[in-house]
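Reminder, nothing fancy here: chain letters follow the sequence lines and each chain counts from 1. Keep in mind it's a predicted model, so treat the numbers as computed, not measured.
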2 protein chains.
Amino acid sequence: MTTAHQPQGAPGETRPGGRTARTREAVLAAVFEELGAGGFAGLTMEKVSQRSGIHVATLYRRWRSIEGLVCDLLTELSADVPLPDTGTLPGDLRALARSITAFYGEPRMRRLIEAVVSAAARDPQVATVLRSFFGERLALAGQMVERAVARGELPAETDPEQVMSALGAPFYYRILIARRPVDAALAESAATAVWAAARAGAYPREGHGPADDATGP
Amino acid sequence: MTTAHQPQGAPGETRPGGRTARTREAVLAAVFEELGAGGFAGLTMEKVSQRSGIHVATLYRRWRSIEGLVCDLLTELSADVPLPDTGTLPGDLRALARSITAFYGEPRMRRLIEAVVSAAARDPQVATVLRSFFGERLALAGQMVERAVARGELPAETDPEQVMSALGAPFYYRILIARRPVDAALAESAATAVWAAARAGAYPREGHGPADDATGP
DNA sequence: AGACTAACGCGAGCTTCTTCGCGTTAGATT
DNA sequence: AATCTAACGCGAAGAAGCTCGCGTTAGTCT
């Protein structure tokens, strides 16, 4: 869980509840606020230092760079989107899509993911953390799909992680590429689309080709 | 077409075929190569200057920043993915998905889009250019879907741009978030998924809700 | 061909970013 | 309570990034 950048900070380290943890909290809060205020463009060590009251040298010592800070913030805000269990996959997909919409409805969170992706483009270590971070979340969310397959809602050869990728993809496209706010319509569209596509066998496990009904209606 | 950063450079300006155009060509080529070599992480004005043989001051004068350079490069490489017309929408979707795969199959191009998104997170002007750039391409690609609607392959209330967004989204998710290379399987999956989802009415125009078959099989 | 001007090269100078050494503080240890 | 050490504050020094003014070059215009 601890990033490669910071020698200490996560619970279970040498100074668990003490000064170290306090400064980390203060710093990450400052990064988050600064990010919400000015985006990644206006994010600088100097500002984080001023807002948090922590000296710049300390920031460089523990996090090495802005990228490291953003990266650490990402891992901190991990457990914010819980997995639904409504009993049916379309219900679950819809619920999750709405959760994601609520999450990224806040400009702060869009700024955060923007910053993380931007940081990953510059720092290979951040890229690694980002990949494994989403990898874990994807594997976790995949359980939702596995239940659906067990219930017989989807073909047995369906790849759970691909389904969940397909659910998330429209949001990140909207945020990073189209650069428009996410809304309820996107959530409905994403959930409906993934459900239809998954039923059509568009997300097969490796080895199985996709069900080829793509030759006409 | 001209970015907000550079006073000259695009064809039709004051010094069309002369030194200005040559330096721009040399500089953008240098940026591209440097990007392919070290990614956005290793991209610096100094290196671009050295590789292109153009003085640093000139780079700052014309492009103002690294972000401006990357932004200009994006607009330069715009017309590289032609629109297919196979006669059927599933055929078109598949062909386009394969084109996109070929395009982003090159690490260089993944680096480029990474750099562009990263630059947009820092520079609001780049963000604007990025949005309008993809907006235009989306509108253009939407014609593919309009033809399909006219042929009766899709519901009349289908929103062309949403369909095309949905086709592109998986690629950008793969590149920027999952951080794994794009492959043929992704192309097939994306094309198949969008086709199934579009037929199910998952991409309605504003005002029409998505066709609600999301309550169970 | 000659005059005119936009764009470039050059290097100095400024700002911002980043690191380092040393003394101090907070928390753990016994 | 006394000791011991990791983490922090502080300021200075070094490096990198960025701007500016001036002279030169290349392309245009008459």
Side-chain angles (χ1 to χ4, degrees), chain A residues 2-3 5-31 34 38 40-72 118-119 122-123 125-126, chain B residues 2-3 5-31 34 38 40-72 118-119 122-123 125-126:
Chain A
T2 302
T3 74
H5 293 290
Q6 41 148 14
Q8 277 85 11
E13 301 289 334
T14 46
R15 300 284 165 85
R19 184 167 54 162
T20 301
R22 276 205 310 277
T23 61
R24 177 167 183 257
E25 199 173 348
V27 168
L28 292 189
V31 173
E34 206 66 50
F40 198 41
L43 188 65
T44 171
M45 285 297 204
E46 189 61 36
K47 287 188 181 174
V48 174
S49 169
Q50 286 174 2
R51 192 184 282 263
S52 65
I54 303 298
H55 199 270
V56 192
T58 301
L59 300 182
Y60 279 106
R61 265 194 289 258
R62 281 186 63 176
W63 288 277
R64 211 196 63 186
S65 64
I66 303 272
E67 285 77 20
L69 273 170
V70 171
C71 186
D72 195 18
S118 182
R122 308 198 166 212
D123 189 334
Q125 296 188 2
V126 175
Chain B
T2 303
T3 75
H5 293 289
Q6 42 147 13
Q8 277 85 10
E13 302 288 334
T14 46
R15 300 284 165 88
R19 183 166 58 162
T20 301
R22 276 205 309 277
T23 62
R24 177 167 183 255
E25 198 173 347
V27 168
L28 292 189
V31 173
E34 206 67 51
F40 199 40
L43 188 65
T44 171
M45 284 298 204
E46 190 60 35
K47 286 187 181 174
V48 174
S49 169
Q50 285 174 2
R51 192 184 283 263
S52 66
I54 302 298
H55 199 270
V56 191
T58 302
L59 301 181
Y60 280 107
R61 265 194 289 257
R62 281 186 63 176
W63 287 276
R64 210 196 64 190
S65 64
I66 302 275
E67 285 78 20
L69 272 171
V70 171
C71 187
D72 195 18
S118 182
R122 305 187 179 225
D123 189 334
Q125 296 188 3
V126 176

Practice task
Would you kindly give the CD1-to-C1' distance between B/Ile54 and C/dA6, to the nearest whole Å?
Solution key: 15 Å
Exercise for the section: Please check if any side-chain donor atom of B/Glu67 sits under 3.5 Å from a side-chain acceptor atom of B/Ser65, or the reverse. Expected result: yes
Handout entry: Interatomic distance, A/Met45 CE vs D/dC8 P [rounded to whole Å]
Key = 13 Å
Exercise for the section: Quickly work out the A/His55 NE2 to D/dA6 P distance and round it to whole Å. Expected result: 21 Å
Exercise for the section: Find the distance A/Leu59:CG to D/dG9:C1' and express it as a whole number of Å. Expected result: 12 Å
Exercise for the section: For A/Glu46 and C/dC17, give me the distance from atom CD to atom P, rounded to whole Å. Expected result: 7 Å
Handout entry: Side-chain touch B/Tyr60/B/His55, heavy atoms, less than 4.5 angstrom
Key = no
Handout entry: A/Val48 backbone acceptor or donor facing A/Ser52 side chain under 3.5 Å
Key = yes
Practice task
Would you tell me if any nitrogen or oxygen in the side chain of A/Thr23 comes within less than 4.0 Å of OP1 or OP2 on D/dC8?
Solution key: yes
Exercise for the section: Compare every heavy atom of A/Arg122 with every heavy atom of B/Ala41, then report the nearest pair and how far apart it is. Expected result: CB-O, 2.7 Å
Exercise for the section: Send over the distance from B/Glu25 CD to C/dC8 C1', rounded to a whole Å. Expected result: 17 Å
Problem - Distance-only donor-acceptor check, side chains B/Arg62 and B/Thr20, under 3.5 Å - result: no
Completion exercise
Here the distance between atom P of C/dA6 and atom CZ of B/Arg22, to the nearest Å, is 19 Å
Handout entry: Donor-acceptor pair (no angle test) under 3.5 Å: A/Arg61 side chain, C/dT19 base
Key = no
Exercise for the section: Find which nucleotide of DNA chain C each of A/Ile66 and B/Ala57 is nearest to by heavy atoms, and output the residue with the more 5' nucleotide. Expected result: B/Ala57
Practice task
Please determine if a side-chain N or O atom of B/Thr58 lies less than 4.0 Å away from the OP1 or OP2 oxygen of C/dA7.
Solution key: no
Practice task
Please state how far atom CZ in B/Arg62 lies from atom P in C/dA7, giving the value in whole angstrom units.
Solution key: 8 Å
Exercise for the section: Would you please confirm or rule out a distance under 4.0 Å between OP1 or OP2 of C/dT19 and any side-chain N or O of A/Tyr60? Expected result: no
Problem - Any A/Thr20 side-chain nitrogen or oxygen under 4.0 Å from OP1 or OP2 of C/dG27 - result: no
